[in-house]
Amino acid sequence: MNFSDFEPVIGLEVHAELKTATKIFCACPTAFGAPPNTLCCPVCLGLPGALPTLNRRAVELAVRAGLALNCEIATLSRTDRKQYFYPDLPKAYQISQDPYPLCFDGGLSVGNGERERYVGITRIHIEEDAGKLIHTRNQTLIDCNRCGVPLIEIVTAPELHSAEDAGDFLRALRQILVTCGVSDCKMQEGSLRCDVNISLRKKGSNEFGTRVEIKNINSFAFVEKAIAYEARRQFDILAKGGDLQAETRRYNASTGKTELMRAKERAEDYRYLAEPDLPALSLSREDINAIAKALPELPRAKAARLTRAYGIVKADAEIIVSDPSLASYFEYAATYTEHPILLTGLLLTELLRYCHSDPFDPPVKAERIAEIATMLGEGTVNSTTAKKLVTRLVDGDFDPRATVETEGLAQIRDRETIMRTVNETLCENQKAVADYKNGKTAALRALQGHAMAKTKGLADPVLLEEIFKEVLSE
Ligand code: ADP
Ligand code: MG
Ligand code: ZN
């Protein structure tokens, strides 16, 4: 048996916290990082007699996600009680949705080029989050602030077949949810978490193997690593003639392995029942249409439009749309220049080196970087100067065009000046000249470097190279 004769079959269950101000069934704030147990009330703690009321905004955001992910939206759905005891769930049940989810039958295109594929989304339902356990050396503490934070759970069809597919899906999904303002998707704060279901099957087969569920992975890199490890582990069992168990495992980031948590619960174990404290959830077509109308432009459509409108390459457009704040910064800056391609270059290769915040928080005014792109496009400055100006703007604002003037940073494009510099350089670097004439083409780079330094980095690099070649071939 060969590992390469098998393919993984993967389905994801993604939990995203909705960006509401208050919890799903009470008015407690959803803020992250507050002192433990300060954002709780009888409703989110599930004290006897407390009654939930559904947060309208949570439903709107879930519908928005459903529409952006090409789902049908149920005009009639309901909430269900999923009973299980867990120390971070004081109610001993979670309000979720079982047979009638709010959104169903959707999907999205993920990946680029050869890896582009459509992945089905079986359902999206709303539910409440549980609290958090904090394990110290000799005790376990509970923080209930997260109890009742609204979540959507997005369940994919088992249509992903590699760690890369799963990564592509999660990246595309995150972009959409962030763009639509549905969720912050901050994995480090737990606002996006993923369960991975994975089984193996012989390539070409249509049957499904026994699946293992890996719970609550909180980074895309770990999702990919967990899949790689688990596929191998399952193969090793099958290769020895063993049987796989349907089980729930966890990924241990420090060992890179998955570990057994428990045998898989079955739906019966949860004793689902229609939530008696909440009425059925009914949405009119008008409600749904109003939410659809307010949907922003989605990342794929936006990337296609940027590619068309500005002539930038698709890969760059995809980076730009991956963060809505970056995209709006780019589009705003583009209104100030006729050189969007140069603008893109300065933005992606220079400016982004200085910003690591998520979402993008511009360290330089859009007008400024646009002005530099314009000067670069006109030939007023060369690209070295343009990059230096961007770097300087990160430290503090100034008018780049005026600075180029006052500091004499304009590009030198005068043939005679450059010719003089080239001749001087050749005289002073006889060895490099000899090397070049003996076929060492790298020597030309060194000569260009010397000449560039003589002009304090201001020469037009294209013209400089041209003149060097001209003179050297004489
Ligand atoms: P459950 O309710 O028990 O969690 P679901 O039918 O809702 O099961 O499926 C949960 C996830 O498991 C879905 O993402 C689905 O695509 C995936 N899945 C189902 N069967 C398989 C399988 N044989 N291999 C891999 N993933 C699977
Ligand atoms: Mg499940
Ligand atoms: Zn509350």
Side-chain angles (χ1 to χ4, degrees), residues 6-15 20-31 34 37-47 50-55 58 69 80 82 84 90-91 94-99 101 104-107 119-125 127-131 143-150 153-163 165-166 169-170 173 193-202 205-217 223 226-227 230-231 234 238 244-249 262-270 272:
F6 286 82
E7 70 171 357
V9 173
I10 300 159
L12 302 177
E13 293 165 275
V14 182
H15 288 92
T20 55
T22 56
K23 293 186 180 180
I24 187 167
F25 301 122
C26 62
C28 293
T30 52
N37 302 308
T38 55
L39 309 178
C40 315
C41 74
V43 173
C44 50
L45 293 176
L47 299 189
L51 287 175
T53 29
L54 182 56
N55 182 335
L69 297 168
D80 296 272
K82 181 179 184 179
Y84 62 101
K91 291 215 286 242
Q94 176 192 32
I95 302 180
S96 179
Q97 295 191 290
D98 186 37
F104 53 96
D105 280 356
V119 178
I121 289 176
T122 320
R123 57 185 283 153
I124 303 176
H125 62 255
E127 61 184 29
E128 59 183 323
D129 209 343
D143 175 5
C144 290
N145 284 350
R146 202 175 67 182
C147 290
V149 166
E153 176 172 340
I154 300 153
V155 182
T156 78
E159 292 177 352
L160 300 156
H161 296 288
S162 65
D165 278 359
F169 177 85
L170 290 170
L173 178 68
R193 301 173 323 247
C194 180
D195 301 343
V196 174
N197 295 271
I198 168 168
S199 59
L200 283 191
R201 72 175 170 205
K202 269 259 163 65
S205 155
N206 284 322
E207 311 222 329
F208 286 115
T210 301
R211 97 175 115 118
V212 160
E213 181 170 5
I214 313 166
K215 278 278 183 206
N216 256 330
I217 311 183
V223 166
I227 289 172
E230 183 62 22
Q234 294 186 11
L238 296 175
L244 287 165
Q245 304 302 317
E247 58 194 25
T248 302
R249 302 179 69 87
R262 53 181 187 256
K264 168 103 181 99
E265 316 73 358
R266 285 161 303 143
E268 313 78 282
D269 296 335
Y270 292 121
Y272 275 105

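Read the numbers this way: they start at 1 and go in the same order the structure lists the ligands and their atoms.
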List ligand 1 atoms under 4.0 Å from [X], heavy atoms only on the residue side.
| X | value |
| --- | --- |
| A157 | 16 (O) |
| G209 | 23 (N) |
| F208 | 23 (N) |
| V155 | 13 (C), 14 (O) |
| S199 | 22 (C), 23 (N), 24 (N), 25 (C) |

Distance-only, no hydrogens or angles: does the [X] side chain make a donor-acceptor pair with backbone N or O of [Y] under 3.5 Å?
| X | Y | value |
| --- | --- | --- |
| N145 | L39 | yes |
| Q234 | I198 | yes |
| T156 | L12 | yes |
| D80 | Q97 | no |

Check your understanding: Taking only residues two or more places apart in sequence, or in another chain, which ones meet F6 in a ring-ring contact (aromatic ring centres under 6.0 Å, His included)?
Key -> F235
**Study point:** By salt bridge (Lys or Arg N to Asp or Glu O under 4.0 Å) - contacts of D129 (at least two apart)
**Key:** R146, R193
Check your understanding: Got a salt bridge between K91 and E128, using NZ or NE/NH1/NH2 to carboxylate O under 4.0 Å?
Key -> yes
Review point. Evaluating non-hydrogen atoms only, which member of T156, V9, I154 is closest to atom 14 (O) of ligand 1?
Key: T156
Review point. Among side-chain atoms of T122 and D105, is any donor-acceptor pair under 3.5 angstrom?
Key: no
Check your understanding: Side chains of H15 and E13: donor-acceptor distance under 3.5 Å anywhere?
Key -> no
Exercise for review: Return yes or no for this condition: an N or O of P158 is under 3.5 Å from an N or O of ligand 1.
Suggested key: yes
Practice item. Report yes if some N/O of E213 lies less than 3.5 Å from some N/O of ligand 1; otherwise report no. Key: no
Exercise for review: Looking only at non-hydrogen atoms, find the nearest pair between A27 and T22 and report the distance.
Suggested key: O-CG2, 3.5 Å
Practice item. Of the side chain and backbone of L12, name the one, both, or neither that has a heavy atom under 4.0 Å from an atom of ligand 1. Key: backbone
Exercise for review: Answer side chain, backbone, both or neither: which part of E159 comes under 4.0 Å from ligand 1, heavy atoms only.
Suggested key: neither
**Study point:** Every N, O or S from the protein that is nearer than 2.8 Å to the Zn ion (ligand 3)
**Key:** C26 SG, C28 SG, C41 SG, C44 SG
**Study point:** All side-chain contact (heavy atoms from CB on, under 4.5 Å) counterparts of F208, not counting sequence neighbours
**Key:** V9, P158, R201
